[in-house]
Amino acid sequence: MATPYSASHVLLEAVEIFPKSGFMRSSHHIVFTATERKSLFRYVSLSFVLSVMVVTVVAFFDIRDELSEDASELVERLEAIHFEGADIAAKLQQIDVKDCSVSHLQKLQAIFNQQVFIQAIKYRLESGEQCQVGSYTPFVKSERIRSPRGNEIIVNYRSPVDVVSFMAQHGDYQFVYPALISPAFLLVDTNFEIVLSSEALNADEYQYLIGEFGLRRVYAKGQNAWWPDYVVMTESCGEHSDYCAILGFSPRQFAVVFLDWLGIIVAASVAFAYFTYRSLKRKYIRRRSSRSRILRGLKKSFFFCHYQPIVDLASRRIVGCEVLARFEDDYGTMSPLEFIPLIAEAKLTLPFTQLIIDKAMAELAELIDETNSLKVNFNVFPEDFVTDSLWRYVEGVSAKYPLCKLVVEITEDQPLDVGQAITHTDSAQSNGVLIAMDDFGTGYSNLASLQTLNYDILKIDRSFIKGLEFDAIVASLLPNIVEIANKYEMVVVAEGIETEEQLKSLLELGVQQGQGWLFAKPMPIQMLSDHLLLNS
């Protein structure tokens, strides 16, 4: 049943940040039930958390990929310094001019212009004088890296984790290369260490060269601690050189990146949560359709039974009851006038009938004993009335509950194939099941069909009872109906009796039984139990 707005519902509705969009206009405004509010809050919260986790993981792998690329590029640059620089130096050594004259500088400049990555070329004279082409950041701090092969590189850095450039010595010439680590992408400095590989040293351990000492040792341990020293670590070793570069990213650094990404993370998470909410809302709108509610009700037992007593008019003693189907789910109740046509349209009439009979008999079995037997009336759909499945089921129920007298009521709202029906009714009656014509006088029945099908009970529609006091035509028809019913030995039951005057007139006409608000309204099983106790 629908419930008023709660704080959680208001919060959920508050995420509708595009109230004038076409998408929003296509959705219906609904008031969520308590169950739906809990479901919405749970799934929207979960979607928000999951999206935060997804974006965080994306950030993690993006950082890892960037570090891996940086490590590879750093090693490649070290290799280029050794091999590419040596080739260029060989060309320079062929220059016959060995001073800092204009001619020498022009030749240096011509070779320098052909290079992509070299920042500067320097030449040192025997006198100690230097000349150069190109420019570079002056070396504030530097370290010399020497490999077992005799190669030497000078590393220029601002701090042990911020490499600025490299300088390699080849003969009389020095070449300055820029560093290829790009910490600007990560917004914080990257921890790094450059080592000589164990293969190059022909030893079991790596040899530290420059950077953060011990980073390679942490990488080798595999980061198994619950709070690792580094969230992300990558290593790259050269294929043609002796160097390995290890780059690391600490939890503090990762937190800085995460905070920088926070706007993207929150925006993506809110958007994902919003569309999750919209999707669930559309789902709940579909769930509220009568057809969906009925199909769900058949599976989850949202249908239940009420019982209207049928009494002997002379003594007002309860002799039976009519079972009436009712429906209620989280969205409220639904009238039989609404759900009965939909059940017929969905071709679920037989499962529905079986469900109601099963529920009713399970409840009534506890009230009926050998001293208190009842007729139990069930309505069946005309399309089921001529099927073997219905009658096999009815006869099985009749055998299971011998103290109950089952009465199968067939309505007149659709034409009935009398030829197909008679075989089933004869068999059922031989097994103790009674057949009743319900709402007589409103549909397709005629007096001939009453005789052919050999009905046991004739139920006069309530419209005749209402017109009994004021409609002369109705008043003149009822005696004839009763007379014909008596002729064919049918029990006459009047529906919709509401006043004592109607009861008196029906008794005078010889009507034996009736039901209506004068005696009792449809009621749940516990109230029927109380009525039976009073009746006894």
Side-chain angles (χ1 to χ4, degrees), residues 69-185 190 192-197 200 207 209-211 236-245 247:
E69 291 176 6
D70 287 347
S72 298
E73 290 174 352
L74 179 58
V75 172
E76 290 172 2
R77 178 47 51 95
L78 293 173
E79 292 178 344
I81 291 170
H82 280 158
F83 300 108
E84 183 184 56
D87 292 339
I88 300 173
K91 296 179 181 179
L92 293 174
Q93 293 293 344
Q94 298 175 5
I95 299 176
D96 55 358
V97 180
K98 301 296 183 181
D99 55 19
C100 289
S101 65
V102 174
S103 175
H104 186 198
L105 292 176
Q106 287 176 343
K107 293 180 178 181
L108 286 179
Q109 186 69 47
I111 294 177
F112 173 76
N113 291 340
Q114 297 173 6
Q115 310 307 313
V116 176
F117 297 110
I118 294 177
Q119 289 182 306
I121 300 176
K122 298 174 61 177
Y123 176 73
R124 181 185 293 273
L125 301 176
E126 293 180 358
S127 61
E129 181 184 358
Q130 291 185 345
C131 55
Q132 72 175 52
V133 291
S135 62
Y136 64 95
T137 303
F139 283 28
V140 178
K141 299 178 182 180
S142 62
E143 291 279 350
R144 290 182 179 272
I145 298 176
R146 184 181 296 274
S147 75
R149 303 181 189 184
N151 298 317
E152 183 178 83
I153 297 176
I154 300 174
V155 181
N156 176 28
Y157 62 93
R158 297 188 184 92
S159 69
V161 294
D162 187 4
V163 174
V164 177
S165 57
F166 300 95
M167 181 182 293
Q169 181 79 34
H170 293 282
D172 297 330
Y173 294 93
Q174 293 177 327
F175 304 92
V176 181
Y177 293 83
L180 271 186
I181 297 177
S182 305
F185 164 78
T190 305
F192 82 96
E193 181 182 23
I194 298 175
V195 298
L196 283 173
S197 67
Q207 178 181 323
L209 293 177
I210 194 172
S236 179
C237 295
E239 296 181 4
H240 309 291
S241 67
D242 307 325
Y243 301 107
C244 292
L247 303 187

> Which distance, rounded to the nearest 0.5 Å, do you find between the CD of E73 and the OG of S236?
Replying inline: 10.0 Å
> Roughly how far, to the nearest 0.5 Å, is the CD1 atom of I121 from the CD atom of Q119?
Replying inline: 12.0 Å
> Shortest non-hydrogen contact from V75 to C237?
Replying inline: CG1-C, 3.9 Å
> Do F175 and L92 come close enough that some side-chain heavy atom pair is under 4.5 Å?
Replying inline: yes
>> Nearest 0.5 Å, please: how far is CD1 in I88 from CZ in F112?
In response: 10.0 Å
> Quick one: SG on C100 to NE2 on H104, what's the gap to the nearest 0.5 Å?
Replying inline: 7.0 Å
> Would you say the side-chain atoms of Q132 pair up with the backbone N or O of G134, donor to acceptor, closer than 3.5 Å?
Replying inline: yes
>> On a heavy-atom basis, which atom in S135 and which in A120 lie closest, and how many Å separate them?
In response: N-CB, 3.9 Å
> Between L196 and Y243, is any pair of side-chain heavy atoms under 4.5 Å apart?
Replying inline: yes
>> Do L105 and V102 make a side-chain contact, defined as non-hydrogen atoms from C-beta onward lying under 4.5 Å apart?
In response: no
>> How long is the straight-line distance from CG of N113 back to CD1 of I118, given to the nearest 0.5 Å?
In response: 11.5 Å
> If you round to the nearest 0.5 Å, how far is NZ of K122 from CD of Q169?
Replying inline: 9.0 Å
> Given side chains that start at C-beta, do those of I111 and K107 come closer than 4.5 Å, heavy atoms only?
Replying inline: no
